[in-house]
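So you know, we letter chains A, B, ... as the sequences are listed, proteins then strands, and number each from 1.
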Amino acid sequence: MEENLITNENIAEDITIDSSEKNVYLPSGKALSSTETYLITSSEKSRFVALLGAVGSGKTAICTSIYSHFLDGKFKEEYYFAGSKTLATFEEYAYLTRLISGRDLPTHERTKKGTQSILHIRLNDPLKNSYVNYLIADFSGEDYENVICNIDYAKDEFQVIRSATILVVVLDGEKMCKASTRMPEIQQSINLLHTFHSANIITNNIPIIIVVSKFDLVQQAEVSNWRELILEKFSEQLPSQQKSFIIKEVAPLSKHTEIVSVGHGIKTFFDEMVQMKNEMTINIKLPCTESQFEIWGRRALIDDN
Amino acid sequence: MITKTCFIMGYPSTGKTTFIAALWHSIQQKKTYTKYKLKKYVGNQSYLATIEKDWLTGKEVSRTFLPVQNESLLLTLVDDLNNEINFSFPDFSGELFNNIYIDREISVELEKKICESHAFVLFLSPKTTYQPENIATIPLDIRQGNDSEEENLNYDKVKHDSTAAKLIELLQIVDYLCQSKCIKLSVIVSAWDRVCMYFQNPDEYIKKSLSMLWQYLKANSKIFNVKYYGVSAQGTELNDLKLSQEKNAENVERLLEKHESNPVERIQVVDNQGNICHDITLPLWDLISGE
Amino acid sequence: MEKIEQALFGYSNGHRLLGSSIKLSTSSLRLMEILSDLSGNDTSENFDGYYTGCWLPDDNCYSLSKTWYATEMPRPGCAWTHTLFFDSEIYSNSIKIPIDSLFKRPNIITNDLLNHYKAPIKIDLDDGNNHANSCYALWLFQTIISNKQNIAICYDNALDFNLSFALLFQLMGVAFFKNFSFCTGSQTNRMIKGKSLNLQVMPAKISKVALRSLSTVVPFEKITDNLLPFYITNINDLLEVKHFAAQIDENYYSFESFQYIQEIYYALYKANRIDLQKLISINKNAFTFDQAIKTFTSVLDVFIRDSITNIRESSIVLDLFFSISTAEEKYDNFINSLNVNNFNKYIFELYKIDRSSVLQLISKLLFSKLNNFGEELLKELAFTINSDDFVQLISEKQTYCIVLLQSNWKLAKNRILWKMPLGIQLDLIKNIAVAFNQSTYEEQTSFEELLFLIFENSIEEIFDKVYAAFKDFSITTYFYWIESKNNFNKNNWIRICKNNPSQSLLLLQSVSDTNFELIYSILEIIDPWDKSIRVVETKIWEKLYDKYYKGKNNNRFNDMFAKFMLQVMLNTNVKISDTFAYFVFMRVHKILESSDFDDAFWNKINSFLPELKWYNSWDKCKRLRKYAKIIGYNNIF
């Protein structure tokens, strides 16, 4: 028995293979965490776009569609694609929309709960020869649902939104088609904004773009006055919001291409976002909670001015 | 005498080895003018001789396998002014770049090689370029009929990621490793004979086919001092799938016969201005000695 | 019948809790919502039905979940997860339930189905010893306990590991896995609050990026190669170590400490000789200083108790005691934490089991340099053995054992000892003296019996030594002894009295019977010129006279006493009664008159008696008479 005994150090050594020993790690290309964005935000002008929306509203589809537009060269030459730290994730997201996946319908994997992924696109303005980084936060819809009307949770889990320079509220177009789902969807988004306001996570002067996704379904259902309803409710319930709400319609994965083309509205939406003057005039500070995002937030402010 | 290192990169089947085979033959012959000529043999050149033989017989030059990749091919060249130059270029297997793309790590040795390189050559081939198409762009009835066998395929980054993304990632990695110093880069579109009828010059091809890559290089012109070339190292498609095997063999035979006295004439090199020549050393000369 | 709380998570317009038999705390629910979601976007048949486990501190239970790919759902990336919550009180040390069979995959959400998950599972406990797949389980177990940080196992089948985990949970219970998190089907590096799970089984082809932040990566092929060298090679071994660990301290019954406990176990139970240094070093490496000392103490306690109870080879335990007693100074922190008192009963048990080995240990200890523990142990051993053992030790020429008397003088209560040679008896007395001096006044009375024994048995001339050891107590006891026992040895010991004549004379009063022999003997050995005589009160002399001489016609005794008393009077100027004085002077006068008087006696008193004119100086009697007058006895002559 005794001769069989070896020390635990030996065991550990024996079963451990340190594959990284002689290798140099390269950037993973995966979606970033908030801390990982620091290298970008600390070195160049950056804008942080937070996509807010319920489960299945199409947040990931919008991100992926923006990427696909670049891949297909569909944007104007006013800005060039100048790189991305999250190419691997963009490609992964795009896979299920591609013919090569063998699927009948384009779709996306659910964004898993608890994933706070931030996607990155760097743009170059060839005329001004300037660069700006877009960081797009695509969080799980379930996580947004949990935070509604729960200020403590919002403060705990969504501090990252404080650094947002643009909020994009995604409303599920499918839910805009029926009266039974329309108002709940709108109200839920308003409640979410309320919660973030109350938790001091967002301010009154942050630009908000309301994007209605799955626009093909809206068109097909021939729904009228949805736009007015959204504007009315948002303005009524968020009166302190200083900037007017902009409504955009998109169909990143249009199922009815005869009515609405694939990627409809993405270009307009992205153009709007790029052209938006989104100064952050106030950055509310809580002592000792300055995140990398906030550091960047101030930098962006300086750059914009 | 100076030694210049040129790092050749490209995913599998993008024409890296064929280019080297044609280059080896070109610098040894005298009939056609080339910017560089071979001064002397250095070390073991048997590998180059083997791939040259493939090239001369009009065969697909055998691909470089990971285990046999030649990490330090060395040529001693002279230019028109009789300046001698040691030209080192590792012939890495395309799989190596796939592995880098997947694993996101490289050996310390390779990192050193990249960092110490004076210039980079990036190969891409219209034959292996994958431009994704959205499912929704295909009519619904066709979608449902097709590809059912492939459904539920697991996502494989090597096969399923767009070529543009993969190439940009490779360049981003080089940029990351070289820490944003100015990088001299030749982008070579191989099998140029395949697309030459549609595009005036390689720049135009990339702009249309790999728009994101083109934008990336344009946007980062401060980092990448880039020149584009279209290269047809074989002079024709050796294995046109639209033709029968016999017909292909016949075409190859005809081509070889036509250029038997001067095989270098099979080679077509197109620069960004659309100028065509047979000098395959041009992309290298531009990188090392030009300007 | 036991109950197990359960919950079902799945996709219903978002991944959420669909039904549960327990109301989880918000923090647990949030964590479970995340962990019950798919581990990544990739799916693989071999991972369908993987396990995820984590500790839920706010609900004091361990959650074990099984997750299936919900491919029937329209959205890609949906999952069904059935979670069982094992209460840490009920299932602390084992889960006697076939865990895997409790997991049920739902197919479609209906109210009936949800109701099923809304009630706890009720199940009879099972004592089943079906330890299938124990080979992998043991490997897994060793991997878990020897890698505290996050670890990835690259292997293409979750199901083997499910069974291994199920078995380990059954065997070890949830207390062992507290704070341990795992997943048998991680497609990405899964985390809880930014920290990777402790153990993840990942597909062999998982991207290196996913493995990057994991400290240890184990390819599965290594498993079989590494089975042999482990300590534990079968389930019974594991259960033995578990039993040992559970006794030490419930805080150490955990995957984090088990490796060390296992090492300690093997160092104690499976070695031919216990290496104390190794034992201490394992503790030092494993725990914080305070913890290490605490564990060391309880480990030894458990081992010794266990060894005694199960009558293992006593020599190992005795060796251990010896090692502890002789451990170097640098281990003082550990050794001093041990309290010999805690081992009393074990030492006594050991003595009962193996008397001769205990005696051997004593011998060894007496020959070695001992630390505090050793000293204490020796004292304890002195109380464990009896006087026969002590006699045996001394008979075997191990006279250094006599020092044990300093701790337990009662060992000397054996008549054989007092028949032993003088040298030994002197040593005995010297060491008993130490104990005697350390005892309180009350305790001293208990030495009486011993002294009786000595008086009765010892024929050596050791009375002065005995007096030196016991002082006046020895005289007191002597008088008590001569009164209570009728022993031939009485007169032999009477010489003890000369060490304190006054005390002796005082005590003589208390002797109930008139014993002329005794007083004769005492007066014979007491020196009337001794300084201590001066403190004897007059009444004592008077009483002696009254008791033994007044009206008695024993000339021999009377003469002797008169002579003695005259010397006392000359020495102390004591003023005795006229009758008594008459007795003294008349008897002495008569002696001096006779021609054959005692010269020695005369020589002693000569210089003290008053001188006469030179021509009368030959008259000793006249000098005596003069002295009587001088000191005030005018009427005698």
Chain A contact residues among residues 5-12 of chain B, heavy-atom distance under 4.5 Å: none
Below 4.5 Å from any heavy atom of chain A, which atoms of B:Glu169 appear? Answer side chain, backbone, both or neither. both
So which bits of residues 248-258 of chain A come within less than 4.5 Å of chain B, counting non-hydrogen atoms only? A:Ser254, A:Thr257
Look up atom CG in A:Asn124 and atom CG in B:Asn220, then write down how far apart they are to the nearest 0.5 Å. 7.5 Å
Tell me, side chain or backbone of A:Tyr131 under 4.5 Å from chain B's heavy atoms, or both, or neither? side chain
Just verifying a value: how many Å separate A:Glu91 CD and B:Lys166 NZ, rounded to the nearest 0.5 Å? 9.5 Å
So, does A:Arg98 use its side chain to make a donor-acceptor pair with the main chain of B:Ile135 at under 3.5 Å? no
Proximity breakdown for B:Lys159 and chain A, heavy-atom pairs closer than 4.5 Å: backbone
Engaged part of B:Ile106 at the chain A interface, taking heavy atoms whose separation is under 4.5 Å: both
The criterion is ring-ring contact (aromatic ring centres under 6.0 Å, His included); which residues satisfy it with B:Trp192, sequence neighbours excluded? none
Any residues in residues 122-134 of chain B near chain A, with a heavy-atom distance under 4.5 Å, and which are they? B:Tyr130, B:Pro132, B:Glu133, B:Asn134
Tell me, for A:Pro106 versus chain B, whether the close heavy atoms (under 4.5 Å) come from the side chain, the backbone, both or neither. both
Given 3.5 Å as the limit, does a donor-acceptor pair link the side chain of B:Tyr155 with the main chain of A:Leu96, or not? no
